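Numbers for residues simply follow the sequence, beginning at 1. Computed from a predicted structure; not experimentally measured.
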Amino acid sequence: MSLASRAFRFGVNMLAVGDITSWRDRVRRAEELGYDVLLVPDHLGIPSPWPALAVAAQASGHLRVGTFVLNATFTNPALLARDAATVDQLSDGRVEIGIGTGYAREEFESAGIDYLAPGRRVDHLAATVQKTRSLLSDPEFTPRPVQASVPTPSSGTS
């Protein structure tokens, strides 16, 4: 059944990765339970989402994999486009990007990044989304994603 023919999808947010065997088992269990999307958050103190998503895509036959939710202030659009395109290739076109402004002041402080006013964080988010979309759709940008348009929501918080 195509995603377009479904009224909505069910997703699961995986907070902890653990060792590789338990991670693969949890991913496969989510797939067996009928979830459509597996998401991994982006917070300091937990594993990075991109390697976890690459392994999840390998362990799964059909789950879409994505970030829930990247902090735009913590990433560079060129690096984000590279990571998303790489996981999109490794997942045969099943990656999605969730990206937001960031809200956990203590994470900004821990990373040594200025905690900007909400409006400035929203402006930065908008610029990051625009640049990332532009890179992912540029035929000269490598690596190339499998999907013609990687799903990249333009609002939210992380």
Side-chain angles (χ1 to χ4, degrees), residues 2-4 6 9-32 35-104 107-108 110-113 121 124-158:
S2 76
L3 290 177
R6 297 185 77 167
R9 301 177 297 160
F10 290 94
V12 60
N13 186 16
M14 300 288 225
L15 296 174
V17 173
D19 64 60
I20 190 136
T21 301
S22 66
W23 178 239
R24 286 182 181 144
D25 289 345
R26 291 176 59 222
V27 167
R28 289 180 184 126
R29 181 69 178 142
E31 188 169 52
E32 290 168 7
Y35 287 100
D36 302 298
V37 184
L38 182 138
L39 303 169
V40 176
D42 179 34
H43 288 287
L44 296 180
I46 63 173
S48 169
W50 295 112
L53 293 171
V55 172
Q58 182 275 327
S60 161
H62 76 273
L63 280 172
R64 294 191 61 80
V65 296
T67 55
F68 184 80
V69 168
L70 295 174
N71 183 333
T73 308
F74 288 9
T75 191
N76 172 292
L79 301 177
L80 172 55
R82 179 203 58 190
D83 290 344
T86 300
V87 176
D88 199 56
Q89 287 179 349
L90 295 172
S91 68
D92 294 323
R94 294 182 284 140
V95 78
E96 299 184 9
I97 302 170
I99 187 165
T101 62
Y103 66 88
E107 289 186 6
F108 282 79
S110 179
I113 297 172
R121 291 197 320 271
H124 180 77
L125 168 63
T128 300
V129 169
Q130 185 279 325
K131 179 64 175 171
T132 302
R133 283 182 172 160
S134 175
L135 289 168
L136 289 171
S137 64
D138 180 351
E140 300 298 315
F141 182 79
T142 56
R144 295 293 317 134
V146 173
Q147 298 176 84
S149 178
V150 174
T152 53
S154 61
S155 63
T157 60
S158 75

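Atoms CZ and CG, on Arg64 and Leu39 in that order, are 10.5 Å from each other to the nearest 0.5 Å. Atom OG1 of Thr73 and atom OH of Tyr103 lie 13.5 Å apart (nearest 0.5 Å). Distance check, rounded to the nearest 0.5 Å: OG1 of Thr132 to CG of Asn76 gives 8.0 Å. Atom CG of Asn71 and atom OG1 of Thr101 lie 7.0 Å apart (nearest 0.5 Å).
With Asp88 as the partner, the side chain to side chain contact (heavy atoms under 4.5 Å, CB included) test is satisfied by one option alone out of Val65, Leu53, Leu136, Val146: Val146.
Look at Arg28 and Glu31 and you find no salt bridge, because none of the NZ, NE, NH1 or NH2 atoms lies under 4.0 Å from a carboxylate O.
Shown here for Ala85 and Pro143, the closest heavy-atom pair between the two residues is CB-O, 3.2 Å. Residues Asn13 and Pro41 share a closest heavy-atom pair of OD1-CD, 3.3 Å. Closest heavy-atom contact between Phe74 and Ile113: CD1-CD1, 3.5 Å. When all heavy atoms are compared, the tightest approach of Ser134 to Ser137 is O-OG, 3.1 Å. Of all heavy-atom pairs spanning Val95 and Gln147, the tightest one is O-NE2, 2.8 Å. Residues Pro145 and Val150 approach most closely at CB-CG2, 3.7 Å, considering heavy atoms.
The backbone N or O of Ala16 sits less than 3.5 Å from a side-chain atom of Arg26, completing a donor-acceptor pair. Between the Thr75 side chain and the Ala72 main chain, no donor and acceptor come within less than 3.5 Å of each other. When atom types are taken as modelled, the side chain of Arg121 and the backbone of Gly102 share a donor-acceptor pair closer than 3.5 angstrom. Side chain of Arg29 to main chain of Arg24: no donor-acceptor pair is present (N/O by atom type, distance under 3.5 Å, no hydrogens or angles). At least one donor-acceptor pair closer than 3.5 Å links the side chain of Thr128 to the backbone N or O of His124. Without hydrogens or angle criteria, Asp36 side chain to Gly11 main chain gives no donor-acceptor distance under 3.5 Å. Of the possible donor and acceptor atoms, none in the side chain of Asp42 sits under 3.5 Å from a partner among the backbone N and O of Thr67. In this structure, Ser60 contributes its side chain and His62 its backbone to a donor-acceptor pair below 3.5 Å.
Annotation: side chain of Thr86 is not in contact with side chain of Trp50 (no heavy-atom distance under 4.5 Å). Put simply, the side chain of Ile20 reaches to within 4.5 Å of the side chain of Val55, judged on heavy atoms.
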Walk me through whether Val87 and Asp83 qualify under side chain to side chain contact (heavy atoms under 4.5 Å, CB included). CA-CA 6 Å; Val87 176; Asp83 290 344; 5.7 Å; no
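Residue Tyr35 qualifies as open at atom OH: its count of foreign heavy atoms under 6.0 Å is 12 or below.
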